[in-house]
Amino acid sequence: MNKNVIRGAAAASIVACALATPSQAAIVYSAGFDGLSSQPALNTVPTGWTSTSGTVDWIYSNNSWGISCHNGSAGCVDLDGSTWDAGLLSTAFTLQSGVEYQLSAFLRGNQRGYGAETVTFGFLDSSNNVLSSTTTSSIASGDPYQLVSLPSYTPSGNQAVRIFFQANGAGDNVGPILDDVSLTAVPLPAAAWLL
């Protein structure tokens, strides 16, 4: 048999195997907001995060308001703090050039009542300009946790960014509850490396 035919068949087999193997997303960052040992920390930001243009409340799961965190975890965040002004919750990262990133989190309605709210989340640049964002609408009181995701974002160069979450802030100190934030890097399909 011709050596070129054998090499071609072998290369085709490798590509077929690569295409058949799903690539896995790598978790770059995750935050469950655990770390409190007892009562809610009103107007307090979780470790590693900042709040601007208002406040958020860091909530301990066993609290007098009946707010539960995702999957019974020890902590979560009320996106409308206790100053009548919802804050913009954010944390900083450097994204790598040409890598596709996806941001996701779990949101639920506040179990203390009040009306439906919206949450906008995504990526900001170092000047707080929105690079990519999406809005989740009508998160009503008592709605269960739902997984929300931002369509992928791929920076054209290495880029300093801030992941952000902000409720519309109805001025009632009762906001949607945020938990289990995840930033993943989605690899190129294995076949792309071969080609």
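- Proximity of a side-chain donor or acceptor of N43 to a complementary backbone N or O of S82 within less than 3.5 Å is detected.
- We find the CG-OG distance between L147 and S104 to be 5.5 Å, quoted to the nearest 0.5 Å.
- At a threshold of 4.5 Å between non-hydrogen side-chain atoms, the residues V45 and V77 do not count as touching.
- Between W58 and C76, the closest heavy-atom pair is CD1-O, 3.4 Å.
- Side-chain contact check for T55 and T83: at least one donor-acceptor pair (N or O, by modelled atom type) lies under 3.5 Å.
- In this structure a side-chain-to-backbone donor-acceptor pair under 3.5 Å is present from N110 to G175.
- A distance of 4.5 Å separates CD1 in I59 from CD1 in I67, rounded to the nearest 0.5 Å.
- Taking CD1 of I139 as the start and CD1 of I177 as the end, the distance is 10.0 Å to the nearest 0.5 Å.
- Outside the 6.0 Å centre-distance limit, the rings of F164 and F121 are not counted as a close aromatic pair.
- Minimum interatomic distance between G75 and C69 (heavy atoms only, all atoms of both residues): C-SG, 3.3 Å.
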- Report the C-alpha separation of I27 and Y29 in whole Å, then their side-chain angles, then the decisive distance to 0.1 Å, and conclude whether the side chain to side chain contact (heavy atoms under 4.5 Å, CB included) test is met. CA-CA 6 Å; I27 297 173; Y29 174 79; 5.8 Å; no
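- Contact annotation: the side chain of R162 never approaches that of D125 to less than 4.5 Å [non-hydrogen atoms, C-beta and beyond].
- Pairing each heavy atom of A167 with each of E117, the nearest pair is CB-OE1, 4.2 Å.
- Donor-acceptor pairing under 3.5 Å is recorded for the side chains of S73 and D179.
- Neither V119 nor L88 shares a network with the other; the hydrophobic side chains, linked directly or stepwise wherever heavy atoms of I, L, V, M, F, W or Y lie under 4.5 Å apart, form separate groups for each.
- Closest approach of T118 to T135, counting heavy atoms only: CB-CG2, 4.0 Å.
- Taking the six-membered ring for Trp, F123 and Y153 have ring centres closer than 6.0 Å.
- At a threshold of 4.5 Å between side-chain heavy atoms, the hydrophobic network of Ile, Leu, Val, Met, Phe, Trp and Tyr places Y101 and V161 in one connected group.
- The two residues A105 and L178 come nearest to each other via the heavy atoms CB-CD1, 3.6 Å.
- Separation of atoms CH2 (W49) and OG1 (T44) is listed at 16.0 Å; rounding is to 0.5 Å.
- Side-chain contact between V28 and T184 is absent, with no heavy atoms from C-beta onward closer than 4.5 Å.
- Residues L131 and L103 share a hydrophobic cluster, clusters being chains of Ile/Leu/Val/Met/Phe/Trp/Tyr side chains in contact below 4.5 Å.
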- Working for side chain to side chain contact (heavy atoms under 4.5 Å, CB included), residues Q102 and S149: CA-CA 7 Å; Q102 185 173 46; S149 296; 4.0 Å; yes
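- In this structure, CD on Q159 lies 9.5 Å from OG1 on T94, to the nearest 0.5 angstrom.
- Note that NE2 of H70 is 10.5 Å distant from CG of L107, once rounded to the nearest 0.5 Å.
- With a 4.5 Å cut-off on side-chain heavy atoms, F165 and V181 count as touching.
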- Task: Just do the side chain to side chain contact (heavy atoms under 4.5 Å, CB included) check on L79 and L89 with the steps written out, would you?
- Result: CA-CA 8 Å; L79 288 172; L89 181 69; 4.1 Å; yes
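- L183 places a side-chain heavy atom less than 4.5 Å from the side chain of I163.
- The aromatic rings of Y145 and F106 sit perpendicular to each other, their planes meeting at more than 60°, with 30° as the lower class boundary.
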- Task: Show your working on side chain to side chain contact (heavy atoms under 4.5 Å, CB included) between T120 and T134 and close with a plain yes or no.
- Result: CA-CA 6 Å; T120 301; T134 191; over 6 Å; no
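- At least one donor-acceptor pair under 3.5 Å links the side chain of D34 to the backbone N or O of A74.
- Side-chain contact, S90 with T50: a donor N or O sits under 3.5 Å from an acceptor N or O.
- The shortest non-hydrogen separation linking A86 to Q166 is O-NE2, 3.9 Å.
- Between D78 and D80, some side-chain heavy-atom pair lies under the 4.5 Å cut-off.
- Side chain to side chain, S152 and E100 meet the donor-acceptor criterion of an N or O pair below 3.5 Å.
- Between the side chain of S97 and the backbone N or O of S156, at least one donor-acceptor pair lies under 3.5 Å.
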